[in-house]
Student: 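Here it is, the structure, as structure tokens.
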Amino acid sequence: MQKNIADILPVAGVVPVLVIEHPEDALPLAAALLEGGLSVLEITLRTEAALDAVERIAKHLPEVQIGTGTILNGDDLRRSTEAGASFVVSPGATERLLAAADDYDVPLLPGAASVSEVMRLFERGYRYQKFFPAQAAGGTPMLKSIAGPLAEVRFCPTGGISPDNAASYLTLGNVICVGGSWMASSALVREKNWAEITRLSRQAVALKP
Ligand code: 3PG
């Protein structure tokens, strides 16, 4: 059963998906996103620095809601909750992952890319799902097509979202928010270009219909 993730996800907003290589980048990066108006972040567990980054932001920027992404198993869930994550995001869903999620209070946003995957998650009580990889899995035409038969499910499409197509997702009735890396790409973080990240974040906030 899904815990209360609807209270965390920004309605018709954008969730930056982050890859943090160096823990010392965590606070200036989160501060730059926050200044641009983005206060719900997803830090992917794809780097050694990820959990350290989560801990730093949770401790010093309590107004930020941090999720961890790329959750693949129960161990990732445990490490995320210990670091202070408010929610966790998985690219897909397996039986073992869903069983592990039942043991934790932290809400899971599980990934789905097909009608049957969406149905299976909904059967287990997951009304909010990550639609991943959004563009490759059918984009807005897919989401429009399943809005009728799967009317109660709400999605956070992620994967291939950009400033050019984000608004077309955000106007759909079954989309609660979108995720994307464009406003804080690895290149911008590597350059420590916080000003540009704030500018792109403001632009992302303005996409809200
Ligand atoms: C990812 O897998 O890193 C996220 O889904 C973000 O995808 P994007 O880089 O296409 O926005």
Student: Residues sharing Ile71's hydrophobic cluster, by side-chain heavy-atom contacts under 4.5 Å among ILVMFWY, directly or via others?
Tutor: Leu45, Leu51, Leu77, Val88, Leu97, Leu98, Tyr104, Val106, Leu108, Leu121, Tyr126
Student: Say whether Thr47 and Glu21, considering side chains only, have a donor N or O and an acceptor N or O under 3.5 Å apart.
Tutor: no
Student: Does a side-chain heavy-atom distance below 4.5 Å link Gln129 with Val153?
Tutor: yes
Student: Can you name the closest pair of heavy atoms from Pro133 and Ala113 and give their distance?
Tutor: CD-CB, 4.3 Å
Student: Minimum heavy-atom separation for Gly138 to Pro141, with atom names?
Tutor: O-CD, 3.1 Å
Student: Do Phe131 and Tyr128 sit in one hydrophobic cluster, given that two such residues count as connected whenever their side-chain heavy atoms are within less than 4.5 Å of each other, even indirectly?
Tutor: no
Student: Return the minimal non-hydrogen interatomic distance between Gly84 and Ala58, and the atom names on each side.
Tutor: O-CB, 4.1 Å
Student: Verify the cluster assignment for Met183 and Leu29: are they in a single hydrophobic cluster under the rule of side-chain heavy atoms below 4.5 Å apart?
Tutor: yes
Student: Can you name the closest pair of heavy atoms from Pro110 and Ala93 and give their distance?
Tutor: CB-CB, 4.3 Å
Student: Would one find more than 12 heavy atoms of other residues, nucleotides or ligands at under 6.0 Å from atom CD of Glu24?
Tutor: yes
Student: Identify whether the distance between the nearest side-chain nitrogen and carboxylate oxygen of Arg199 and Glu196 falls below 4.0 Å.
Tutor: yes
Student: Assess whether side-chain contact (heavy atoms from CB on, under 4.5 Å) is satisfied between Arg154 and Val175, documenting all intermediate values.
Tutor: CA-CA 5 Å; Arg154 296 289 174 272; Val175 167; over 6 Å; no
Student: I need the Ser86 OG to Ile66 CD1 distance, nearest 0.5 Å.
Tutor: 6.0 Å
Student: side-chain contact (heavy atoms from CB on, under 4.5 Å), that's the test. Do Thr70 and Asp76 meet it? Break it down for me.
Tutor: CA-CA 8 Å; Thr70 325; Asp76 292 340; over 6 Å; no
Student: Sequence neighbours left out, what passes side-chain contact (heavy atoms from CB on, under 4.5 Å) with Ser186? Give chain and number order.
Tutor: Val19, Arg190
Student: For Ala49, does its backbone N or O pair with a side-chain atom of Asp52 as donor and acceptor, under 3.5 Å?
Tutor: no
Student: With a 4.5 Å cut-off on side-chain heavy atoms, are Val54 and Thr68 touching?
Tutor: yes
Student: Measure the spacing between OH of Tyr169 and CG of Leu207 and express it to the nearest 0.5 Å.
Tutor: 13.5 Å
Student: Are the side chain of Ser185 and the backbone of Trp182 linked by a donor-acceptor contact shorter than 3.5 Å?
Tutor: no
Student: For the residue pair Ile161 and Ala134, what are the closest heavy atoms and their distance?
Tutor: CD1-CB, 4.0 Å
Student: So Lys130 and Glu42, side-chain contact (heavy atoms from CB on, under 4.5 Å) or not? Walk me through it.
Tutor: CA-CA 12 Å; Lys130 168 173 169 162; Glu42 178 188 330; 4.1 Å; yes
Student: Can you tell me how far apart CH2 (Trp194) and CG (Leu27) are? Round to the nearest 0.5 Å.
Tutor: 10.0 Å
Student: Determine whether Arg124 and Glu95 make a side-chain contact, defined as any pair of heavy atoms from C-beta on separated by less than 4.5 Å.
Tutor: yes
Student: Do Leu38 and Leu61 belong to the same hydrophobic cluster, where Ile, Leu, Val, Met, Phe, Trp and Tyr are linked whenever their side-chain heavy atoms lie under 4.5 Å apart, directly or via other members?
Tutor: yes
Student: Within this structure, what is the CD1-CZ distance for the pair Ile146 and Phe155, rounded to the nearest 0.5 Å?
Tutor: 3.5 Å
Student: Taking the side chain as every heavy atom from C-beta outward, state whether Val17 and Thr158 have any atom pair closer than 4.5 Å.
Tutor: yes
Student: Under the criterion side-chain contact (heavy atoms from CB on, under 4.5 Å), I'd like the reasoning laid out for Lys3 against Ile5: C-alpha separation, chi angles, the key distance, then a yes or no.
Tutor: CA-CA 6 Å; Lys3 289 99 191 173; Ile5 197 150; over 6 Å; no
Student: When you check the gap from the basic side-chain N to the acidic O, do Asp103 and Arg78 get nearer than 4.0 Å?
Tutor: no
Student: For the atom pair CG (Leu150) and CZ (Phe122), what is the distance rounded to the nearest 0.5 Å?
Tutor: 8.0 Å
Student: Would you say the side-chain atoms of Glu35 pair up with the backbone N or O of Ala31, donor to acceptor, closer than 3.5 Å?
Tutor: no
Student: Closest heavy-atom contact between Pro10 and Cys177?
Tutor: O-CB, 3.2 Å
Student: Any side-chain to backbone donor/acceptor pair from Asp105 onto Thr81? Under 3.5 Å, distance only.
Tutor: no
Student: Is it the case that one hydrophobic cluster holds both Met142 and Leu170, taking links as side-chain heavy atoms less than 4.5 Å apart, direct or via other members?
Tutor: yes
Student: Going from NZ on Lys192 to CD1 on Ile197, what distance comes out if it is rounded to the nearest 0.5 angstrom?
Tutor: 10.0 Å
Student: Do the side chains of Val15 and Val178 get nearer than 4.5 Å, heavy atoms only?
Tutor: no
Student: Any side-chain heavy-atom pair from Ile57 and Ile43 closer than 4.5 angstrom?
Tutor: yes
Student: Got a donor-acceptor contact below 3.5 angstrom from the Arg127 side chain to the Glu152 backbone?
Tutor: yes
Student: Do Glu55 and Lys59 sit within salt-bridge range, that is, some charged N less than 4.0 Å from a carboxylate O?
Tutor: no
Student: Do you reckon Val14 sits in the same ILVMFWY cluster as Leu188, going by side-chain contacts under 4.5 Å, direct or chained?
Tutor: yes
Student: Side-chain contact, heavy-atom cut-off 4.5 Å: Leu34 with Glu63?
Tutor: yes
Student: Are the side chain of Asn4 and the backbone N or O of Ala6 linked by a donor-acceptor pair below 3.5 Å?
Tutor: no
Student: Quick one: are Ser181 and Leu18 in side-chain contact, heavy atoms under 4.5 Å?
Tutor: no
